[in-house]
Undergrad: 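Structure below; questions to follow.
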Amino acid sequence: MRFRFSRPAVAGVTALTLLAGTASATASATGASPGTPKPTIVLVHGAWADSSSWAPVIERLRRDGYPVRAIADRLQGLTSDTAYLTSCLATIDGPKVLVGHSYGGAVITNAATAVTGVKSLVYIAGFIPAKGETLGELAAKSTPPLPLITTPVPGGAEVTIDPARFRSAFAGDLDKTTAADLAVTQRPANTRAVTAIVEQAAR
């Protein structure tokens, strides 16, 4: 099975550089002024990663005084992942800024329509689907296919990136040792993540 996904920067220099300005951008986007509560920055990772990939970003945001939550994206399909994120967001009081990387971009796009207090959406090489689209359709227009390995599971199939080609296909900005570690610890993504039709889209 062949799917195309945006090529990300995983827990490396690129991701940190892109989000390094989130603090100032957030203040501008939310109209925050000195003395007002800062929004909670909610980080949602993409496929084949986990919440620990945000570690350098979390450190920077905390240093700038922002409350942060890194949500573990279940990677089981857009509908169920959106429902899970929505449930998590409902436990966070006050204003929120949602940050999605790759597949996580689609999840925050959907979830933002179902909760209150979302002030901004930030996309890090993320999918921004419109209503009626699938991620598979979007990805096919932009990037070469990743070298995926398919594993049948109850009720469907999950895909992982071929560990031998993980660094060149997915983590080219990382050193060999870090990329090799990520290759063997990557989380599989259910194929429903790219085949589900987007039913809502944030505006």
Undergrad: How close do Ile58 and Ala70 get, counting heavy atoms only, and between which atoms?
TA: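 Here Ile58 and Ala70 meet closest at CD1-CB, 4.0 Å.
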Undergrad: Indicate yes or no for a side-chain donor-acceptor contact from Ser87 to the backbone of Ala83 under 3.5 Å, with no hydrogens or angles considered.
TA: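 Checked: pair present.
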Undergrad: Roughly how far, to the nearest 0.5 Å, is CG of Leu85 from CD1 of Ile108?
TA: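 Going from the CD1 atom of Ile108 to the CG atom of Leu85 covers 8.5 Å.
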Undergrad: Name all residues meeting the side chain to side chain donor-acceptor pair (under 3.5 Å) criterion together with Asp175; count only those two or more places apart in sequence or in a different chain, and write none if there are none.
TA: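 Per chain and number, Asp175 pairs via side chain to side chain donor-acceptor pair (under 3.5 Å) with Thr178.
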Undergrad: OH of Tyr84 to CZ of Arg74: how many Å apart, nearest 0.5 Å?
TA: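 With rounding to 0.5 Å, OH (Tyr84) is 7.5 Å from CZ (Arg74).
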Undergrad: Can you tell me how far apart CZ (Phe166) and OG1 (Thr160) are? Round to the nearest 0.5 Å.
TA: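 Reported value, rounded in 0.5 Å steps: 9.5 Å.
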Undergrad: Is there side-chain contact between Trp48 and Leu148, with at least one heavy-atom pair below 4.5 Å?
TA: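 A side-chain contact under 4.5 Å exists here.
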Undergrad: Minimum heavy-atom separation for Ser53 and His45, please, with both atom names.
TA: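 Of all heavy-atom pairs spanning Ser53 and His45, the closest is OG-CB, 4.1 Å.
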Undergrad: If you measure from CZ on Phe170 to OG on Ser102, what distance do you get to the nearest 0.5 Å?
TA: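 Interatomic distance, Phe170 CZ to Ser102 OG, rounded to 0.5 Å: 6.5 Å.
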Undergrad: Please answer whether the main-chain N or O of Arg192 pairs with a side-chain N or O of Asn190 as donor and acceptor at a distance below 3.5 Å.
TA: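 Between the backbone of Arg192 and the side chain of Asn190 there is a qualifying donor-acceptor contact (under 3.5 Å).
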Undergrad: Looking at every non-hydrogen atom in both residues, tell me the closest pair between Gln186 and Pro163 and how far apart they are.
TA: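 Closest pair (atom of Gln186, atom of Pro163, distance): NE2-CG, 4.4 Å.
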Undergrad: With a 4.5 Å heavy-atom cut-off, do Asp73 and Val107 have their side chains touching?
TA: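 Asp73 vs Val107: side chains touch.
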Undergrad: Apply side chain to side chain contact (heavy atoms under 4.5 Å, CB included) to Ile124 and Val99, showing your working.
TA: CA-CA 7 Å; Ile124 307 300; Val99 182; 3.9 Å; yes
Undergrad: Whether the side chain of Lys96 engages the backbone of Gly94 through a donor-acceptor N/O pair (distance < 3.5 Å, no angle test) should be reported.
TA: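 Yes, because the side chain of Lys96 sits within donor-acceptor range (under 3.5 Å) of the backbone of Gly94.
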Undergrad: Atom CG in Leu135, atom CD1 in Ile128: separation rounded to 0.5 Å?
TA: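 Nearest 0.5 Å value for the CG-CD1 distance: 11.5 Å.
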Undergrad: Going by side chain to side chain donor-acceptor pair (under 3.5 Å), name the residues that satisfy it together with Asp81, two or more places apart in sequence or in a different chain.
TA: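 Once residues adjacent in sequence are excluded, the partners of Asp81 under the side chain to side chain donor-acceptor pair (under 3.5 Å) criterion are Tyr103.
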Undergrad: For Gly46 and Leu75, which heavy atoms make the closest approach, and how far apart are they?
TA: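 Smallest heavy-atom distance, with atoms named: O-CD2, 3.7 Å.
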Undergrad: Using 0.5 Å steps for rounding, measure from the CG atom of Asp50 to the OG1 atom of Thr185.
TA: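 The CG atom of Asp50 sits 6.5 Å away from the OG1 atom of Thr185.
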Undergrad: Looking only at non-hydrogen atoms, find the nearest pair between Ala49 and Arg187 and report the distance.
TA: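 Taking every non-hydrogen atom into account, O-CD, 3.4 Å.
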Undergrad: Are His101 and Trp54 packed together at the side-chain level, in the sense that at least one heavy-atom pair is separated by less than 4.5 angstrom?
TA: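 Yes - at least one pair of side-chain heavy atoms lies under 4.5 Å apart.
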Undergrad: Before you tell me yes or no, could you show the steps for Val68 and Leu43 under side chain to side chain contact (heavy atoms under 4.5 Å, CB included), namely the whole-Å CA-CA distance, both residues' side-chain angles and the distance that decides it to 0.1 Å?
TA: CA-CA 8 Å; Val68 183; Leu43 306 170; 3.8 Å; yes
Undergrad: Using a 4.5 Å cut-off on heavy atoms from C-beta on, say whether the side chain of Leu182 contacts that of Leu174.
TA: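 Side-chain contact under 4.5 Å: yes.
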Undergrad: I'd like to check the side chain to side chain contact (heavy atoms under 4.5 Å, CB included) partners of Thr40; sequence neighbours left out, ordered by chain and number.
TA: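 Applying side chain to side chain contact (heavy atoms under 4.5 Å, CB included) to Thr40 gives Val42, Pro67, Arg69, Ile92.
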Undergrad: Residues two or more places apart in sequence or in another chain: which of them pass side chain to side chain contact (heavy atoms under 4.5 Å, CB included) with Thr86?
TA: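 Checked Thr86 against side chain to side chain contact (heavy atoms under 4.5 Å, CB included); matches are Thr82, Ala111, Ala114, Val115.
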Undergrad: Just jot down the side chain to side chain donor-acceptor pair (under 3.5 Å) partners of Asp162, sequence neighbours excluded, or say none.
TA: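 Here no residue qualifies.
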Undergrad: Evaluate side chain to side chain contact (heavy atoms under 4.5 Å, CB included) for Leu89 paired with Leu98, printing each intermediate quantity in order.
TA: CA-CA 9 Å; Leu89 294 175; Leu98 310 186; 3.7 Å; yes
Undergrad: Please examine the side chains of Val122 and Val97, heavy atoms only from C-beta on, and report whether any two atoms are closer than 4.5 Å.
TA: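 Answer yes - side chains close enough.
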Undergrad: Are Val194 and Thr134 packed together at the side-chain level, in the sense that at least one heavy-atom pair is separated by less than 4.5 angstrom?
TA: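 When only atoms from C-beta onward are counted, Thr134 and Val194 do not touch, as no gap falls below 4.5 Å.
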Undergrad: If every non-hydrogen atom of Glu133 is compared with every non-hydrogen atom of Glu137, which pair is closest and at what distance?
TA: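 For Glu133 and Glu137, the tightest heavy-atom pair comes out as CA-OE1, 3.7 Å.
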Undergrad: Holding to side chain to side chain donor-acceptor pair (under 3.5 Å), I want the full list of residues that pass it with Glu158, two or more places apart in sequence or in another chain.
TA: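 Glu158 satisfies side chain to side chain donor-acceptor pair (under 3.5 Å) with Gln76 once adjacent residues are dropped.
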Undergrad: In sequence, state the C-alpha distance, the side-chain angles, and the governing distance for Ile149 and Ile161, and then conclude on side chain to side chain contact (heavy atoms under 4.5 Å, CB included).
TA: CA-CA 6 Å; Ile149 298 174; Ile161 299 174; over 6 Å; no
Undergrad: Do any N or O atoms from the side chain of Ser51 and from the backbone of Ile71 form a donor-acceptor pair under 3.5 angstrom?
TA: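 Confirmed, Ser51 side chain pairs with Ile71 backbone.
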